[in-house]
Amino acid sequence: MRTSQFLLSTLKEAPAEAEVISHKLMIRAGLIKRLAGGIYTWMPLGLRVLRKVEAIIRDEMNRAGAQELLMPAVIPAELWQETGRWEKYGPELLRIKDRHHRDFVIGPTHEEVITDVVRREIKSYRQLPIHLYQIQTKFRDEIRPRFGVMRGREFLMKDGYSFHTSFADLEREYGNMYDTYHRIFQRLGLKFRAVAADTGSIGGTGSHEFHVLADSGEDAIAFCPDSDYAANVELAEALAPTTPRVAPDAPLAKEPTPDKTQCGDVAQFLGTDVTQLVKSIAVVAAEGGFTLLLLRGDHELNEIKAEKVIGEFRFAKDDEIVTALGCKPGYIGPVDIDAGIRVIADRSVAAMGDFVCGANQAGYHFTHVNFGRDLPEPAQVADIRNVIAGDPCPDGKGPLELCRGVEVGHIFQLRTRYSQAMNCKFLDENGKEQVMEMGCYGIGVSRIVGAAIEQNFDDRGIIFPAAIAPFQIAIVPMGYHKNPVVKEAADKLLVELESLGLDVLLDDRNERPGSMFADMELIGIPHRLVIGERTLKEGQLEYKGRRDEAATLIPAGDVQTFIREKLCAA
Ligand code: ATP
Ligand code: MG
């Protein structure tokens with residue numbers, strides 16, 4: 001390929017709205033163009049990368065025994081009503097009507113459609129197991145599309161679904177996918193980690209996420225350097241403290257804390273540590289009504305864990321708080337409250353004594369608060385917080401550390417969540433009807449391109465992992481339009497390398513060398529060959545790897561072998 005025939009659209013400046021490096025570089029390198037919030041055109045250069053990612057995924061999925069199909073993006077609402085997700089999915093689900101006023105959705109995921117396919121096609125245990133997957137465009141009306149293609153509204157996903165006669169067979173396939181995903185992300189050249197995950201609204205049990213490790217990642221991952229424990233913070237268990245509660249050392253006191261509504265400010269004002277504070281979070285549960293959740297001052301509520309304890313809930317509104325506690329948020333607490341208000345303490349809080357909490361009076365906090373003396377023992381003690389660095393690992397090994405990741409894949413054991421609701425059954429060996437066990441396996445294909453750049457860049461631009469680079473080699477001739485010898489050598493080299501099956505980009509634009517180098521570096525081509533009149537006379541070419549400090553001279557005659565070796569080493 002020649003740049004003169006290829007739509008390169010690099011930019012000097014990144015758009016102001018781009019927050020993370022991958023988004024900035026993808027726009028500057030001209031891989032994508034924004035059409036609307038979270039909706040992008042993949043330009044020819046970007047599409048080459050996307051297709052390479054796709055090809056690796058497809059190859060490994062096929063090798064693992066899955067079969068590719070392609071389902072529609074537009075799905076009749078009836079299927080979503082059958083599983084109850086028409087009501088449950090919320091505003092992320094783009095709902096549309098056709099000319100006959102019939103409801104449809106633009107598929108954000110395809111459990112319903114695939115289950116409909118399988119219940120129609122598969123009748124007998126003899127046809128199972130089966131694993132069907134697609135690589136297809138999804139739409140989710142994300143509340144905050146950002147980070148370019150990493151959290152888009154329209155994006156490309158690989159979604160696979162497997163169907164089984166037994167849970168044991170589902171577990172086998174789950175293991176097969178766990179291994180397959182490792183192979184995929186290894187081949188893509190990414191630094192990643194499989195982590196235990198929450199199953200979220202999709203339901204079922206057993207789930208792992210695959211995260212590309214990057215500081216800009218939206219997910220927090222807890223892991224133990226001394227063992228193989230790794231879990232999304234959403235899931236990671238915070239163990240109960242093993243140290244006994246401290247005994248009260250003074251009577252309950254009410255202290256003025258004017259204008260101090262944040263735990264850190266209150267602690268500083270009272271000359272104590274934030275770990276001595278208890279904060280109360282007022283929520284309204286669908287069952288159980290107004291509830292106070294107690295957390296240590298420096299801890300954060302984990303909404304997923306809390307939902308497992310109290311069921312669906314929302315945060316209480318200010319007027320509900322005033323009605324229940326007679327006080328505005330900022331100074332609320334669990335002491336002397338209506339006996340009808342449910343109080344749930346995090347495990348860490350249950351182990352605290354002599355703590356500080358809001359006094360349910362604006363501008364005041366209680367100090368030296370003790371359960372059993374100043375207020376009843378909490379009705380329930382549960383793990384409702386996020387783990388923090390230094391917490392003990394749930395497997396009993398070392399202290400936990402935290403890192404950030406971009407979720408690029410997710411595997412679930414769905415069990416019978418969808419097959420039951422949609423009557424997806426088979427006849428077993430005894431002619432008895434049984435519900436199929438189901439697994440689902442997603443990969444964010446377009447998100448991977450952003451995530452790969454988050455891990456591979458420098459101040460000159462993208463450094464694509466060799467497996468997904470848009471071109472493997474750039475040929476940059478010095479004076480292509482002035483010097484026939486250089487032109488001839490460059491044209492010949494292009495043909496030679498392309499005939500080896502390599503993706504080569506010859507920069508035949510009539511530009512300054514500096515700006516050609518800058519473009520080839522910005523777009524992340526891993527290998528560069530420079531052809532100049534002087535070196536050519538000496539029978540040499542100049543080679544530079546994208547990560548190399550300096551260029552080296554290589555004999556022009558050896559270029560094929562040299563490049564082959566470089567590509568194999570990558
Ligand atoms: P997230 O928590 O990031 O929103 P999810 O749990 O909603 O992801 P899944 O429903 O498991 O995601 O979708 C499968 C994969 O699709 C994810 O692992 C992720 O890589 C990708 N994905 C999900 N939402 C988006 C999005 N808005 N833009 C790009 N890729 C996405
Ligand atoms: Mg999501």
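Just the heavy atoms: all of them, side chains too, but no hydrogens, waters or symmetry mates, feed the values below. All values reported here derive from a predicted model rather than from experimental measurement. Ligands are counted one by one from 1 in listed order, and the atoms in each one are counted from 1 as well.
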S.K.: Would you mind running through ligand 1 and noting each atom that sits below 4.0 Å from a heavy atom of Met157?
M.R.: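 Listed by number with element: 13 (O), 14 (C), 16 (O).
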S.K.: Do Met43 and Lys33 come close enough that some side-chain heavy atom pair is under 4.5 Å?
M.R.: yes
S.K.: Is there a donor-acceptor pair under 3.5 Å between the side chain of Arg28 and the backbone N or O of Lys12?
M.R.: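 Between the backbone of Lys12 and the side chain of Arg28 there is a qualifying donor-acceptor contact (under 3.5 Å).
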S.K.: Measure centre to centre between the rings of Phe412 and His410, then say whether the value is under 6.0 Å.
M.R.: yes
S.K.: Any heavy atom of Met150 closer to ligand 1 than 4.0 angstrom?
M.R.: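 Checking ligand 1 against Met150, which is what was asked, there is a heavy-atom contact under 4.0 Å.
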S.K.: Does Asp141 pair with Arg153 as a salt bridge, N-O distance under 4.0 Å?
M.R.: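 Salt bridge: yes.
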S.K.: Within the structure, is a non-hydrogen atom of Ser446 found at a distance of less than 4.0 Å from ligand 1?
M.R.: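 No, Ser446 has no heavy atom closer than 4.0 Å to ligand 1.
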S.K.: Is the closest N or O pair between Gly152 and ligand 1 shorter than 3.5 Å?
M.R.: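 It does: an N or O of Gly152 is found under 3.5 Å from an N or O of ligand 1.
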S.K.: Report, in ascending order of atom number, the atoms of ligand 1 lying under 4.0 Å from any heavy atom of Glu142.
M.R.: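 Atoms satisfying the 4.0 Å criterion: 24 (N), 26 (C), 27 (N).
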S.K.: Please confirm whether Asp159 comes under 4.0 Å of ligand 1, counting heavy atoms of the residue only.
M.R.: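 The answer is no, since Asp159 has no heavy atom less than 4.0 Å from ligand 1.
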S.K.: Please could you name the atoms of ligand 1 that Val149 approaches to less than 4.0 Å, counting only its heavy atoms?
M.R.: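 Those qualifying, in numeric order: 29 (C).
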S.K.: Hey, is Asp458 close enough to Arg546 for a salt bridge, meaning N to O under 4.0 Å?
M.R.: yes
S.K.: Does at least one non-hydrogen atom of Val408 fall below 4.0 angstrom from an atom of ligand 1?
M.R.: yes
S.K.: For atom 18 (O) of ligand 1, which of the options Glu407, Arg146, His410 provides the nearest non-hydrogen atom?
M.R.: Glu407
S.K.: Hey, which atoms in ligand 1 end up nearer than 4.0 Å to a heavy atom of Arg140?
M.R.: 5 (P), 7 (O), 9 (P), 10 (O), 12 (O), 13 (O), 23 (C), 24 (N)
S.K.: Out of Glu209, His211, Arg447, who is nearest to atom 19 (C) of ligand 1 when you count heavy atoms only?
M.R.: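 Comparing heavy atoms across Glu209, His211, Arg447, the nearest one to atom 19 (C) of ligand 1 lies in Arg447.
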S.K.: For Ile388, is there any backbone N or O sitting under 3.5 Å from a side-chain donor or acceptor partner on Asp391?
M.R.: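 Yes; at least one donor-acceptor contact below 3.5 Å.
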S.K.: Aromatic contact between His208 and Tyr181, with the criterion being ring centroids under 6.0 Å apart: yes or no?
M.R.: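 Here the rings of Tyr181 and His208 have centres that are no less than 6.0 Å from each other.
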S.K.: When you measure from atom 1 (P) of ligand 1 to each heavy atom in Lys158, Arg151, Glu154, Glu234, which option holds the nearest one?
M.R.: Arg151
S.K.: Angle between ring planes, Phe192 versus Phe185, binned at 30° and 60°: parallel, tilted or perpendicular?
M.R.: tilted
